[in-house]
Structures are given as C-alpha cells and as structure tokens.
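Worksheet for the structure shown next.
Just so you know, these numbers come straight off a predicted model, no measurement behind them. Letters A, B, ... are given to chains in the order of the sequence lines, protein chains preceding strands, and every chain is numbered from 1.
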2 protein chains.
Amino acid sequence: MARNSTRENIITAADRLFYERGFENSSFADVAQLVGISRGNFYYHFKTKDEILDAVIRRRIEERARMLDAWVDTSQSPKESIAQFIRILLMNEEKIRRYGCPVGSLFAELAKLNHPAEGGAREVFNLFRIWLRRRFEEMGKGQASDRLALHLLARSQGVAMLARAYPTEPFLEREAEELLAWLETVAEG
Amino acid sequence: MARNSTRENIITAADRLFYERGFENSSFADVAQLVGISRGNFYYHFKTKDEILDAVIRRRIEERARMLDAWVDTSQSPKESIAQFIRILLMNEEKIRRYGCPVGSLFAELAKLNHPAEGGAREVFNLFRIWLRRRFEEMGKGQASDRLALHLLARSQGVAMLARAYPTEPFLEREAEELLAWLETVAEG
DNA sequence: GTCTATAATATGATAGAC
DNA sequence: GTCTATCATATTATAGAC
C-alpha cells in the first residue's frame, strides 16, 4: 500500500479534496492539478468520478480498520480502547474545526445528493459502530452495548458539527473531557 | 407574510429544495419547475442564486425566532421551554431521518463550499444557542448556561446525523428520551 | 501511461419581446 | 411580471496522438 503509483496518488489527492471541499465541489481539474497530471490521464485510471469516490471510501475503511485494530492491540482494556476513540477528536482537532468530521460530512453530502455511494459512506459509520459495540460488550454491557455505541457515535458527530460552527471557542476539548467522564460513569454503572 | 407572490413562492420552493437536495445540487431549473415559472422570470425577482440563499436563510431565522417566542409564551417554566426544543426532534422525526437537520446540513454544506453565506447559516445556530442559554440562565444555571446550551445543540446535531445514517432504527426516539432525562438531571443538580 | 484536443451537457446569467 | 431565446462557462467524459 501507499505505492507511489499515479493511481494511488489520485486516490490520496481525491481523499483530501473530498474532505476539505466536498465531493461535488471537487472537480477532476482540481484533483489532476493537485496530483500534477493532466485531466485526460485521469480516465486511464478511473472511468468515472464515482469510481474515484468508491476507491476513496474503500481506502478510508481500510485505514480506519487498521487504526481500530491498533487501538485494541495497544490498549490495556476495552475502556482504554474506547477512550482512544474519543481522543481522536483531540488529535484531529484542527482539521475538525476547519472541515468537520470526514466520516459525517461525506455521508451527509452523499445522502443529500441521493448518491449511490451513500451506502459505502454509511459503512464507515458501521465500522465504528460495530467496533464500539464489541468494546462495550467486552466491558460487560451486554444488550446495552449497541445503544452505547450509537450514543457515543452521535455525541462525537455533534461535537464535530458544533466545533466547525464555533471553531475559535474551546468547545471541542470541553466536550471531549465530558465524553471521557461519561465513559467512566458507564464503566462504573 | 406568506403572501402568495411569486417572490415568496420562490423562497418557499428554494427553502424546500435546499433542505431536501442541498443548495449546490438544486438548480434554478429545479426551483422554477417547482414554482411553475420559467427560468427567465427568475431573474426579475433575484439577481443571483446567492440572493435566493440569503432570502431563504433570513426566512428560516424569522420562522425559528417566532417558534422560539411561542415556546416561551406557552411554557410554564424555562425547563418546559427547553423540553419543547428537544421534542422538535420527535415532531420532525420523519424529515430528519430522510434529510437530516435543516440547520446543520445547510451550515455544513456552505462551510465546505467556503460560501459567503456560511455566516448566515451560523446565525441560525446562534439563534438557538442564545435562546437556550437564556432558558438555562432562567433555570439558575449562571455561568454554566452557555456550556449547557452548546452541549444540547451538539447532542441534537449528533442525533440528527445518526438518525439519517440509520433511518429505520428506533434510535432517534431513544436519544430524545435520554435528552429529556438529561434535562431533568440538569434541573435537579 | 500520459498528453492535447474536443465533444456533450448542465447551469448561472442576460437580452429583449409581450 | 412573465416569457422565449441565447450567451458564457464549467465539468464530466471521449478520441486519438505520442
């Protein structure tokens, strides 16, 4: 992976632009310019714009799956793994303030466009949902695990949205702390 | 207001389409067709597409300001007013599941487009923020009022996002109940 | 594999008749 | 106030040379 082939470079550039400017608002010309190739060369690697979108979504899923695996490997407990999830809000703070959550913003855009790839974007949510559910199950939360997973996902999405609306205020850090405190009460209860 | 003039009809149609399909994805042709006028007639009422967007945002702010005033008038307590705010998730459940929150989705789109009207879209958030802050102040929450207002706004946004991602699941009702329970604990604490 | 045209279409916007 | 052209531009996509 991360081969320096033109195809991989296209996916990397598209991934970035789709996040920073949105999918519809990113043209082939924009991506081609960022990669440093001509628009025509584009179509040798991808027949349609939707194919690039699919490739971007697949890569995002793969990257996040690896990240989630690593969190499980490096954490001492499921609670610590979930805390890692909450802390990505802080790790990506600057980007979230500027562009929101990449998962939520792409899904929201594709859903509004009624785009065929909406399902693929939802899969990224699913990845986190299922991973979080497993961690809560390991914490002994049983039937409540899925509810807790969705709750935490929703809280994170809301924090990202408001952090973008009020990027200069210390809102994101405060809410991340509240989420970590919430995690403690869940662990105790 | 709600005059049946062509101008008002255009704003109404644009408001709906911007919500259901997004701003960029709604063309003049789409709006004109919904209103039942020609594309050319359009430019007699609005010189640019951005002017329509501004008019839509202004109307949304006015409508919501009236709604918030009405909630204060019909509620017995500030807590009851805030509960009304939470219940709009349930009142608009079907639309939220299909199109998300109109406030959040328009703001997110304009922010990603780096559109000049992003500030106007943020004003809708501000309207709710300030209103909620006042209610919490009336509940005696003092300096914590703004933090509580932003927290509730973020929670609502997150619920709307996940409700759109999982529209067939009973997620929204459950989270609305949790928010009402949260409001009780805030009132007691 | 990469390039330079070029086609085909959609869209925001304008001009002018009625 | 509303209409029918029409323009100008951007964008996805294709054809074919190198």
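- Cation-pi check for B:Arg60 over B:Phe18 is not met; the charged atom does not lie both under 6.0 angstrom from the ring centroid and within 45 degrees of its normal.
- Looking at residues 48-58 of chain B, you'll see B:Thr48, B:Lys49 sit with a heavy atom under 4.0 Å from some atom of DNA chain C.
- Between the OG atom of B:Ser105 and the CD atom of A:Glu109 there is a distance of 12.0 Å, given to the nearest 0.5 Å.
- Judged by distance alone, with hydrogens and angles left aside, the side-chain atoms of B:Arg97 form a donor-acceptor pair with the main-chain N or O of B:Pro167 at under 3.5 Å.
- The CD1 atom of B:Ile82 sits 8.0 Å away from atom CG of B:Leu148, with the distance rounded to the nearest 0.5 Å.
- For A:Leu113 and C:dA10, the CG to C1' distance is 15 Å, given to the nearest whole Å.
- In this structure, the ring of A:Phe42 has its center less than 6.0 angstrom from the ring center of A:Phe28.
- Summarising the hydrophobic clusters (Ile, Leu, Val, Met, Phe, Trp, Tyr; side-chain heavy atoms under 4.5 Å, direct or chained), the residues clustered with B:Tyr44 are none.
- Using a 4.0 Å heavy-atom cutoff across all strands shown, A:Phe28 reaches sugar-phosphate atoms only and no base atom.
- In this entry the distance linking CD of B:Glu8 with P of D:dG1 reads 12 Å, nearest Å.
- Comparing A:Lys47 and A:Asn25 along DNA chain D, the residue whose closest nucleotide (by nearest heavy atom) sits nearer the 5' end is A:Asn25.
- Whole-Å rounding puts the B:Phe46 CZ to C:dT11 P distance at 20 Å.
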Quiz item: Taking protein heavy atoms under 4.0 Å as touching, what does nucleotides 2-9 of chain D look like 5' to 3' if B marks base contact, S marks sugar-phosphate-only contact and - marks none?
Solution: BBB-----
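- Other residues, nucleotides and ligands place more than 12 heavy atoms under 6.0 Å from the CZ atom of B:Arg87.
- Between B:Glu118 and B:Arg122 a salt bridge is recorded (basic side-chain N to carboxylate O distance below 4.0 Å).
- A straight line from OH of A:Tyr43 to P of C:dT6 spans 17 Å, rounded to a whole angstrom.
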